Amino acid sequence: MTSQEINPKYIQIWETVQKIPEGKVACYGQIADLAGLPGKARLVGKALGKVPKSGWQKKAVPWYRVINAQGKISFSFDNSHFKKQTQFLQDEQVAVIAGKINLVEFQWQPNMTELLFTLKY
DNA sequence: TATTTGACTGTTA
DNA sequence: TTAACAGCCAAAT
């Protein structure tokens with residue numbers, strides 16, 4: 001066993017992704033930010049692609065809740081991952097239209113809780 | 001060691 | 001709204 005070691009940054013990213021609540025999504029930059037790695041959105045994508053098949057349960061890291069800043073899924077339409085991600089999201093009541101998601105409604109906003117209380121209902 | 005490559009992002013046209 | 005570009009940075013080659 002030589003380089004089976006996992007980059008600590010990846011662990012950090014995975015743990016952050018785990019915090020995304022069901023029915024919500026987050027963008028790569030947001031995850032990078034929350035993981036303490038500002039400006040490293042691309043690293044997030046790379047980290048998600050390196051989630052070990054074993055050791056980390058698949059469902060433990062909801063990669064499908066991570067999309068790009070444009071509110072779109074970062075996969076080609078013909079990519080099997082694209083369909084899979086779309087379905088997982090829709091199963092969680094997240095509306096996915098043509099690979100796009102309404103961020104205003106579905107983006108996870110950790111600090112929004114307090115803000116919501118300032119709004120009248 | 002240098003170059004290429006991404007599950008990205010913000011700006012500009 | 002979409003498309004092209006440049007900036008970005010760690011990992012792979």
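Note: hydrogens, waters and symmetry copies are ignored here, and every other heavy atom, side chains too, is used. In what follows, chains are A, B, ... by sequence order, proteins preceding strands, each numbered from 1. None of the values given here were measured: they were computed from a predicted structure.
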List in numerical order all residues of residues 88-96 of chain A for which some heavy atom is under 4.0 Å away from an atom belonging to DNA chain C. none
Check the distance between C:dA10's C1' and A:Q12's CD and give it to me in whole angstrom. 16 Å
Considering residues at least two apart in sequence or located in another chain, which fulfil the salt bridge (charged side-chain N to carboxylate O under 4.0 Å, His left out) criterion with A:E92? A:R65
Could you run down the sub-3.5 Å N/O contacts of the protein with nucleotides 1-4 of chain C?
{"residue": "C:dT2", "atom": "OP1", "partner": "A:K100", "partner atom": "NZ", "Å": "3.2"}

Identify whether any heavy atom of A:Y10 sits under 4.0 Å from a base atom; if not, whether one sits that close to sugar-phosphate; answer base, sugar-phosphate or nothing. sugar-phosphate
Pairing residues for A:N7 by the side chain to side chain donor-acceptor pair (under 3.5 Å) criterion, not counting sequence neighbours: none
C:dC8, OP1 or OP2 - any side-chain N/O from A:K40 closer than 4.0 Å? no
How close do A:L103 and A:A69 get, heavy atom to heavy atom, and via which atoms? CD1-O, 3.6 Å
Got a sec, which residues hit ring pair (Phe, Tyr, Trp, His ring centres under 6.0 Å) with A:F106, two or more places apart in sequence or on another chain? none
Show me the pairs that pass ring-ring contact (aromatic ring centres under 6.0 Å, His included) and involve residues 77-102 of chain A, at least two apart or across chains. A:Y64-A:F88, A:F75-A:H81, A:F77-A:F82
Could you note down all residue pairs passing salt bridge (charged side-chain N to carboxylate O under 4.0 Å, His left out) where residues 71-82 of chain A supplies at least one of them, sequence neighbours left out? none
Throw together a table of side-chain donor-acceptor distances under 3.5 angstrom for residues 39-49 of chain A, partners on residues two or more places apart or in other chains.
none

Whether each nucleotide of nucleotides 2-13 of chain B has a protein heavy atom under 4.0 Å at its base (B), only at its sugar-phosphate (S) or at neither (-) is summarised, 5' to 3', as ----BBBSS---
Once side chain to side chain donor-acceptor pair (under 3.5 Å) is applied, do any residues pair with A:T16, and if so which ones, sequence neighbours excluded? none
Quick one: side chains of residues 27-35 of chain A, donor-acceptor pairs under 3.5 Å with protein atoms, not counting sequence neighbours, listed by atom name and distance.
{"residue": "A:Q30", "atom": "OE1", "partner": "A:C27", "partner atom": "N", "Å": "3.3"}
{"residue": "A:Q30", "atom": "OE1", "partner": "A:Q107", "partner atom": "NE2", "Å": "3.0"}
{"residue": "A:Q30", "atom": "NE2", "partner": "A:W108", "partner atom": "O", "Å": "2.6"}

Mind checking side chain to side chain donor-acceptor pair (under 3.5 Å) for A:N102 and listing every partner two or more places apart, or none if nothing turns up? none
